Every structure is written in C-alpha cells, then in structure tokens.
Amino acid sequence: MNLSGKALLLLMLSGGLPTAMAIAEPPGEPVQRLFKGWQVTCNNLNDCDIRNVDENMRIVIRHQAGPEGTASLDIMSFDAGKAEGVWLDGKRWNHAISLSDADANNDYANAHSDSLSDIQALVAAAKNAMTISLTSDNEITGSLSGLNAALLFVDERQGRLGNQTALFKTGTEPAGSVPSRVSVAPSLPPVPPVVPLDNAQALLQKVIASQQPVLKREECEPAEDDIARSEAQPLDAQHALVMINCGMGAYQSSSILFITPRAAPEKAQQLVLPLPLHNAEGKPNSVSWFTEASYDPHSGQLFHASRGRGSADCGESAAWRFDGNIFHLMSYNSQPGCDGGEPGDWPSVWATPGYTDSENSR
C-alpha cells in the first residue's frame, strides 16, 4: 500500500510532462473540522489532534491511532504566570497532571500530561463543565463547549468506542481490539543522481520570458530584487526546477515553480500540487504559490511553509519527495484559525511512516 500521496496531481516527467495522474487512495482520508469551540484534525494515519480556539488559553489533546497509541495533554494559559491548579466551572479539581509556572522557556503557566489515565480523568470530570482554568480567580478560562462532541468523533474515528483506551466513550473492550496504526514506511524509488546545472541564470531568464501568461494569471510580476531571489535546481539529467520569486512580504516570500526541460526551457510547465484537505465546496485544495520554497536535489525534498500572520500561530507547511517521476507528499501540517497558540504548532494532516524533516512544523 502506497502511503506517500493521496490522489495528488503528480507530474510525470517521462514522456514530456504532460498530464496529471492519481495514485492509490490512502488508508484514511484526513479530516479537519470544528465542533463549536474545538477543532479536530485527524491525519491519514488516524492520529488526531483536538484543540480549542480561545486566544488566551490553548488546550491541546493528541491521541495517536492504534492499540498502543500515545496520548498527551497540554494546557497553556497565555495571560497567567502561575499555574495554581485546575478549576472546572470555578471548582478546584484534584488531579495528577503536572503544573508549571512561567519560566525562561515559557512565559505562561501551563499543565502537561502524557498519561492516558490522567487525560481520561480530566475528560470525565469536565464532561458537564463549561470552563477550565489554571488560576483560582477564574479570570483566564477556556471554553469547553464542543469538547465532548470532538472527543466522541475522535473515539469513533479511531475505533475506540467502548474501549479502555477511548478518551470520552470509555468501556471494557481491551486495547488490542482497536484497529492497528499503519507503521510500515513506503518503498519509494531512489532520488535521481544530481546533475549540476551549468546555465541556471539562462534558464531563469528564459522561463520568465516564455511563461508570461502563467505569471500574469498568477499575478506574479517579479521585480529585479525578486529575480535575484529566484533560483533553479537540478531535478534529473533532463529537467530543472525553476523557482520564480514573486515578491517579499513583511515576513515571507512566495514563488511560482516550473518543471523545465534543460534543453527547451520555453516548454516549462507550472508545478501545481493538490493538498490533502478539501475546501468548503468539497473540492481538493492545491498549492500554486509555494511560500518560502526550497528544493534540495540531494534528498529530492521540496518544502513549502506559509504563515497566516507574523506570529505563526496559523499557517501550513508541506514536504514532498521527488523520485525521478513524481512528487510524493511526505508531510502536511495545517492550522487554519489564527487564534493564538505556539508559533508553528500546526496539526498534522498528512504523515508518512518513517519520515521526518527539519523544515516542517510538528
């Protein structure tokens, strides 16, 4: 089973780069949706992230798929310096969750647990509560409206209803009855040998000149400084990846990418890659503007990371791996709502077993 992509637009470099093709469907369609004040993101491996949308307090519960899937809880009270305890609707709740005050590493009070039983205990105690707080004055609270529905959705999706490992709908079924998590790394063809370019600047200029209709359609009008930031990298012995920078914003820049025949750069074709989630109309999202784009010809990895605003509390990041024929989606993270939270802490929407990279957010 190929887990490296999902019905993605994949450019075939053999035979003249003409068309798109689809590959095998994944083991699970990723999902990202809201339950009142709570967002649920479950990736293609069925690892799930449940988080609230309050700006002054971030609560994140993560539960990995499978019988032995790990679980974690983080509560970050951004406007509080001291974690005094856990209060539900203004009433103190006795617990074993670790509390930490603001320090040199975090300028806010926080709570953390990696214990499934601790998290289950909090969920059970909060089932009929409306707010949670780490301070006795109850001035800084997080809303619990929608949490029960979000947790029930995750339990059902992961096959945990009535199971000892469920977050919300716990029962007596043993952990071993939960569906397994896909953990086998896909077998991918090797990255093509690197054949250095000896005409990178000429390729850039010829692609800019020949692809004016595409650049105008994309509203990309590179000035001299933008062209200076543009680059070309080798893909294989016959093709290059030309990245035309379209301008620098306050904190990031974006580029239009072209698969370019080395011997005929005027025949370059724009690279557009669909993403795993769908828009409000049910159509697949795609990326044609690659933000902070970079390509490493030695590893075959293409990176894209777009911040929704300067604080990076929202945005998306993706990594693909080129194998000489197609770009395989390896990872994709997305946080659509700009509602506070740690910079770059964007939930996983697509993951590949055995794959990690240093440029994508976790």
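All of these numbers come straight from a predicted model, not from anything done at the bench. Note that these values count all heavy atoms, side chains included, but never hydrogens, waters or copies made by symmetry.
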Less than 4.5 Å apart, any side-chain heavy atom of [X] and any of [Y]?
{"X": "Trp289", "Y": "Ile256", "result": "yes"}
{"X": "Thr352", "Y": "Pro186", "result": "yes"}
{"X": "Val191", "Y": "Asp323", "result": "no"}
{"X": "Asp313", "Y": "Gln335", "result": "no"}
{"X": "Gln233", "Y": "Leu197", "result": "no"}

Neighbour count above 12 (heavy atom, 6.0 Å) for [X] [atom1]:
{"X": "Lys82", "atom1": "NZ", "result": "no"}
{"X": "Asn128", "atom1": "CG", "result": "no"}
{"X": "Asn94", "atom1": "CG", "result": "no"}
{"X": "Glu68", "atom1": "CD", "result": "no"}

Using a strict cut-off of less than 4.0 Å between a Lys/Arg side-chain nitrogen and an Asp/Glu carboxylate oxygen, indicate whether [X] and [Y] qualify as a salt bridge.
{"X": "Asp225", "Y": "Arg229", "result": "no"}
{"X": "Asp155", "Y": "Lys169", "result": "no"}
{"X": "Arg62", "Y": "Asp345", "result": "yes"}

Worksheet item: Would Glu266 and Gln211 count as having a side-chain donor-acceptor pair, cut-off 3.5 Å?
Response: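 On atom types as modelled, these side chains do not qualify, holding no pair under 3.5 Å.
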Worksheet item: Can you check salt bridge (charged side-chain N to carboxylate O under 4.0 Å, His left out) on Asp49 and Arg51, steps first, answer last?
Response: CA-CA 7 Å; Asp49 176 295; Arg51 60 182 60 197; 2.9 Å; yes
Fill in: Test side chain to side chain contact (heavy atoms under 4.5 Å, CB included) applied to Glu221 - qualifying residues, sequence neighbours left out
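Side chain to side chain contact (heavy atoms under 4.5 Å, CB included) list for Glu221, sorted by chain: empty.
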Practice prompt. If the plane angle is over 60° it's perpendicular, under 30° parallel, otherwise tilted; pick one for Phe322 and Phe327.
Written response: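 Plane angle between 30° and 60°, so tilted.
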Worksheet item: Would you call the rings of Phe35 and Phe153 parallel, tilted or perpendicular if under 30° counts as parallel and over 60° as perpendicular?
Response: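 The arrangement is tilted - the two ring planes meet at 30° to 60°.
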Fill in: Arg58 charged N/C atom sitting above Phe78 aromatic ring, 6.0 Å / 45°
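Negative - Arg58 is either too far from the ring of Phe78 or too far off its axis.
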Fill in: Whether Asp103 side chain and Asn106 backbone form a donor-acceptor pair below 3.5 Å
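Answer holds: yes.
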Discussion item. Going by salt bridge (Lys or Arg N to Asp or Glu O under 4.0 Å), name the pairs with one or both residues in residues 179-194, residues two or more places apart or in two chains.
Written reply: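 Applying salt bridge (Lys or Arg N to Asp or Glu O under 4.0 Å) to every pair that reaches into residues 179-194, excluding sequence neighbours, yields Asp47-Arg181.
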